[in-house]
Structure formats: structure tokens, C-alpha cells
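Counting convention: from 1, in listed order, for ligands and their atoms alike.
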Amino acid sequence: MREGPKSDEPASPAEPRPARERLDEEIREAGITAADIVESIHDPLVVLTSDLRVRVVNPVFYEQFRVSPEETTGRLIYELGNGQWDIPELHTLLEEILPANDAFDGYEVTHEFEDLGWRVMLLNARRLDHLQLILLVITDVTDRKQVEALRAARDAAEEARKAAEEANMVKSQFLATMSHELRTPLTGVIGLTDLLETDVLGPTTGRQKESLARIRRSAWHLVRIIDEIMAYARSETGRTEIRRERIPVTDVVREVVEMLGPVSDDHEVDLRLTVPDEPVLVATDRGKLSQIVVNLVGNALKFSEAPVHVRLSVADDWIQIAVEDAGPGIPAERQEEIFEPFTQLDGSTTREKGGTGLGLAVARRHARLLGGDVDVKSAVGEGSTFSLRLPRTSQ
Ligand code: ADP
């Protein structure tokens with residue numbers, strides 16, 4: 001069927017335009033009947049009398065709206081389907097818009113039918129004044145609308161994901177920059193403390209030396225926290241570089257143990273180290289390995305009152321560094337969660353001891369980048385063993 005006149009360019013059936021006349025004539029000449037045309041329309045079509053009663057509908061209408069001829073013909077359109085067609089927008093279209101514009105296209109109506117559920121329909125109407133009739137064609141666009149809604153929801157979700165990713169990136173870049181700015185002056189603090197301790201700048205008393213040692217320990221503690229934040233920020237922005245070289249793992253572990261030795265003035269823990277007799281050479285990233293061990297041993301010392309035991313062992317193509325403590329232990333259901341960034345168990349110890357909640361997340365990310373992993377075995381009240389496994393050769 002040809003598209004009828006639009007509301008802003010009303011057709012006047014009293015003065016048919018030449019194109020319409022020609023069409024009428026061609027249809028007549030071809031012997032096509034109105035029934036042929038009405039039946040061939042795929043959208044439901046309703047012919048209404050001027051008092052809005054149904055004169056005739058096409059078969060598609062019965063099918064699509066599940067109504068029978070008996071409850072349709074001669075009825076007021078609003079009464080169809082037991083009043084299901086008493087739709088406010090239909091009143092507006094037929095009683096206000098159509099009398100003012102003798103044709104109207106694409107009037108969207110969303111309505112919940114008792115039998116059919118929610119439907120979105122486009123209504124096209126024509127006033128045939130010379131016949132005192134109204135033609136109403138109803139196109140069901142519910143499926144199309146659903147697809148559009150799904151597409152819109154998917155686009156919105158994608159936008160939200162991108163925005164979250166960008167915000168995360170900005171946060172990580174901010175952390176990396178800030179950490180760098182904080183670390184630089186600390187190097188000066190540590191360097192000058194070392195210098196003062198050597199008495200090069202003048203003699204220092206025993207008590208001053210004690211204070212200098214405390215300053216140095218606190219400064220190193222701060223350096224470790226900042227390094228942890230930087231490592232995490234770099235891993236988030238995907239800027240973690242791996243520098244592999246053959247390194248003597250025993251030396252790396254020993255250095256860490258010596259560095260962390262007595263962890264603080266008020267909290268000393270016996271730290272034991274067991275390593276194989278022969279040197280263990282591994283092709284890996286020295287800085288990252290060292291940071292993983294610092295984080296695991298640091299935690300064990302922080303949370304444990306009893307001895308901490310660090311064991312390096314070799315099996316086949318793997319090395320394992322196990323850090324065993326006799327601290328409070330970690331409940332089974334939280335043993336995975338503690339590897340998530342910013343996760344801390346809410347026991348009073350954690351709050352007392354401080355920390356960033358990033359140490360284990362960084363340790364695991366580094367370990368996985370190096371082809372290995374970190375996991376934990378723990379029982380509440382008995383202690384924990386965190387184990388790092390790494391391949392001996394480069395992947
Ligand atoms: P942080 O130590 O900075 O809080 P981590 O990521 O290193 O962050 O550890 C996360 C949490 O896991 C800690 O806050 C603590 O609650 C728990 N945890 C880690 N190591 C141990 C341990 N050896 N014993 C008991 N709890 C631990």
C-alpha cells in the first residue's frame with residue numbers, strides 16, 4: 001500500500017489529487033477488489049465508522065489480537081477484548097488528533113493487554129470523509145523495540161565499563177606519580193641518617209645513634225609501603241616490566257631476611273632461614289622476587305609473635321619459598337579474598353599493625369607474571385604458611 005499523506009500535508013478526499021485518481025482507476029481496471037487489498041495487508045487493519053464502531057477488520061487483526069468476529073463487528077473500538085482496547089492514547093488519536101488532521105502516521109502507543117502482555121504499536125490512521133469511515137492500521141513493533149532496548153542496554157553497559165576502566169587507570173596513574181614523589185625525599189632521609197651514624201659529620205652519642213637507627217628503620221618501612229603501592233599501580237596500568245637474569249635465589253632470600261631481621265623496636269620475632277647447601281640459580285626477575293619475599297616475610301613478622309621460618313627448597317623444575325608463621329591464622333573462607341587488593345581481615349591485629357592491603361595482591365601478580373604463583377595454607381589459632389612457587393627456567 002502506498003504511503004498516505006502525512007499530518008503536516010493533509011490529503012483532502014473532497015479534492016482527490018491526480019495521483020490518487022490514477023491509482024483508483026488502475027485498481028478498477030485491474031479488477032482488484034477492496035477485499036483483495038485488505039486481506040493482503042500483513043498488519044492488523046480496522047475500518048471504523050465515524051462514531052468509532054468497528055465496521056470491518058482484516059484476518060490479521062483477529063489473529064494478532066486474539067478476538068473473534070462476534071466480539072468485534074459493530075462494537076465501539078474501546079470495548080474490544082472486554083475493554084482491553086480502552087487505551088487513553090487511542091482516545092486522543094481518534095477523538096482529538098484525527099478530527100484535526102485527516103491523516104496521521106506513526107503514533108506510538110505502549111499498552112499492556114491482559115492476554116498479550118506489553119505491546120508497542122505504531123498507529124496509522126486515515127479519515128475517509130466521503131465514506132464517513134476511518135482506516136486504522138496497527139503495526140506491532142514490540143520485538144523491534146525490545147531489540148533496540150537490548151542494544152541500548154548493551155551500549156550503556158559498555159560505556160559504564162569503559163568509564164570504570166578509565167577511572168581505575170587515572171587512580172593507578174595518580175598512585176604511581178604520588179608514590180614516586182614520596183619516595184624521592186625518603187632516599188635523602190635514609191642517606192643522611194647513614195651519614196650521621198658514621199660520625200663523618202661529627203661524633204654522635206650512643207642515644208643519638210639509637211634514635212638514628214629508629215629513623216632509618218621507619219624510613220625503610222615507609223619505602224616498602226611506597227614500593228608496594230607503586231608496584232600495584234604499575235601492575236594495574238599494565239606497565240610492569242620483567243627483567244629476567246640468572247640469579248642466586250639463596251642470596252636474595254638471605255638479603256630479605258637480614259633486612260627485615262628485628263622488625264620493630266617493640267616487636268621482635270625470631271626469624272629462621274633454611275636453604276639448600278648448593279647454590280640455587282633461577283632465571284627470573286630479581287626485583288620482583290625480592291618484593292614477593294619481602295611482602296610474605298613482612299606479613300609473617302607483622303602478624304606473628306612466635307618464630308617465623310623461611311624455607312627455600314628445590315623440586316624438579318620448580319623452586320619453593322615457604323614462609324611459615326605461628327600467628328593467628330586465616331579462616332578457610334577468607335584465604336582467597338586476602339589476595340584481592342585492599343582486602344584486610346578486620347581483626348584488631350590488622351588495624352593495630354597497619355598496612356595497605358596490597359602486599360599479597362602484588363605478591364601474587366608478580367608471581368604469576370614470572371610463571372609461578374603464591375598460595376596459603378592456614379588454620380585459625382595455629383598459624384599460616386604462604387608459599388611462592390617459581391619455575392627454575394625462563395618461560
Ligand atoms: P597488609 O599486610 O598491608 O594489610 P596484605 O595484602 O599483605 O596487606 O594482607 C592482606 C591481609 O591478609 C592482612 O591485612 C591480614 O589481615 C591477612 N594476612 C596476611 N598475611 C597474614 C599472616 N601471615 N597471618 C595472618 N593474617 C595475614
Side-chain angles (χ1 to χ4, degrees), residues 171-172 175 178-179 182-183 217-236 240 253 256-257 259-264 266-274 287-312 320-369 372-389:
K171 179 201 72 188
S172 301
L175 281 180
M178 277 306 294
S179 310
L182 291 172
R183 202 186 192 287
R217 274 203 295 272
S218 299
W220 272 114
H221 182 65
L222 209 47
V223 165
R224 284 200 295 277
I225 291 177
I226 292 171
D227 282 351
E228 205 166 87
I229 298 175
M230 275 168 89
Y232 167 73
R234 274 200 220 104
S235 74
E236 282 284 283
T240 314
V253 178
V256 172
V257 166
M259 179 175 77
L260 294 178
V263 74
S264 75
D266 56 329
H267 179 67
E268 287 205 9
V269 178
D270 175 18
L271 180 57
R272 267 183 266 152
L273 175 65
T274 308
K288 292 193 178 51
L289 170 64
S290 174
Q291 188 153 28
I292 299 169
V293 182
V294 165
N295 291 2
L296 300 185
V297 177
N299 275 349
L301 292 171
K302 192 160 69 169
F303 295 109
S304 184
E305 300 290 337
V308 169
H309 197 161
V310 183
R311 279 195 203 89
L312 168 64
Q320 175 168 293
I321 298 167
V323 181
E324 184 186 336
D325 68 51
I330 298 147
E333 70 280 6
R334 306 204 63 186
Q335 287 176 10
E336 263 309 298
E337 194 188 325
I338 53 171
F339 288 95
E340 293 296 320
F342 304 109
T343 307
Q344 296 182 307
L345 302 182
D346 48 11
S348 56
T349 344
T350 306
R351 254 175 280 132
E352 226 173 77
K353 312 273 173 173
T356 58
L358 292 173
L360 290 176
V362 167
R364 181 168 266 182
R365 283 185 193 187
H366 279 0
R368 289 185 176 174
L369 272 177
D373 209 345
V374 174
D375 54 36
V376 63
K377 285 200 170 54
S378 181
V380 174
E382 287 176 25
S384 316
T385 303
F386 283 85
S387 303
L388 163 70
R389 265 165 57 85

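- When non-hydrogen atoms are compared, ligand 1 lies under 4.0 Å from neither the backbone nor the side chain of N295.
- Interface of G359 with ligand 1, defined as ligand atoms under 4.0 Å from a residue heavy atom, comprises 5 (P), 6 (O), 7 (O), 8 (O).
- E324 places none of its side-chain heavy atoms less than 4.5 Å from the side chain of V308.
- Here F386 pairs with nothing under the ring-ring contact (aromatic ring centres under 6.0 Å, His included) rule; sequence neighbours left out.
- Close N/O approach between L345 and ligand 1 is found [any backbone or side-chain N/O within under 3.5 Å].
- The closest approach between S384 and ligand 1 falls below 4.0 Å for a heavy atom of the residue.
- Polar contact with ligand 1: absent for A361 (N/O pair, distance under 3.5 Å).
- For the side chain to side chain contact (heavy atoms under 4.5 Å, CB included) with Y232, the qualifying choice from R234, E236, M230 is E236, the only one to do so.
- With ligand atoms numbered from 1 in the order given, ligand 1 contributes 3 (O) to contacts under 4.0 Å with heavy atoms of T356.
- In this comparison of I338, N299, V297, the heavy atom closest to atom 7 (O) of ligand 1 sits on N299.
- Contacts between T343 and ligand 1, counted as non-hydrogen atom pairs separated by less than 4.0 Å, involve the backbone only.
- Residues satisfying the side-chain hydrogen bond (donor to acceptor under 3.5 Å, both in side chains) criterion with T274, sequence neighbours excluded, are H309.
- The residues D227 and R183 are annotated as salt-bridged, a charged nitrogen and a carboxylate oxygen being separated by less than 4.0 angstrom.
- Across all their heavy atoms, S304 and G327 have their closest contact at OG-N, 3.5 Å.
- Shown in contact with L358 at under 4.0 Å from a heavy atom are these atoms of ligand 1, numbered in order with element: 6 (O), 8 (O).
- Residue F339 places every heavy atom at 4.0 Å or more from ligand 1.
- For ligand 1, the polar-atom distance check against L360 finds a nitrogen or oxygen pair separated by under 3.5 Å.
- R224 contributes atom CZ, which lies 5.0 Å from atom CG of L260 (distance to the nearest 0.5 angstrom).
- Between the side chain of E382 and the backbone N or O of G329 there is no donor-acceptor pair closer than 3.5 Å.
- For atom 2 (O) of ligand 1, the candidate residues are E340, K302, R224; the nearest heavy-atom contact is made by K302.
- At least one N/O-N/O distance between G357 and ligand 1 falls below 3.5 Å.
- What you find for A300 and V323 is that their closest heavy atoms are CB-CG1, 3.7 Å.
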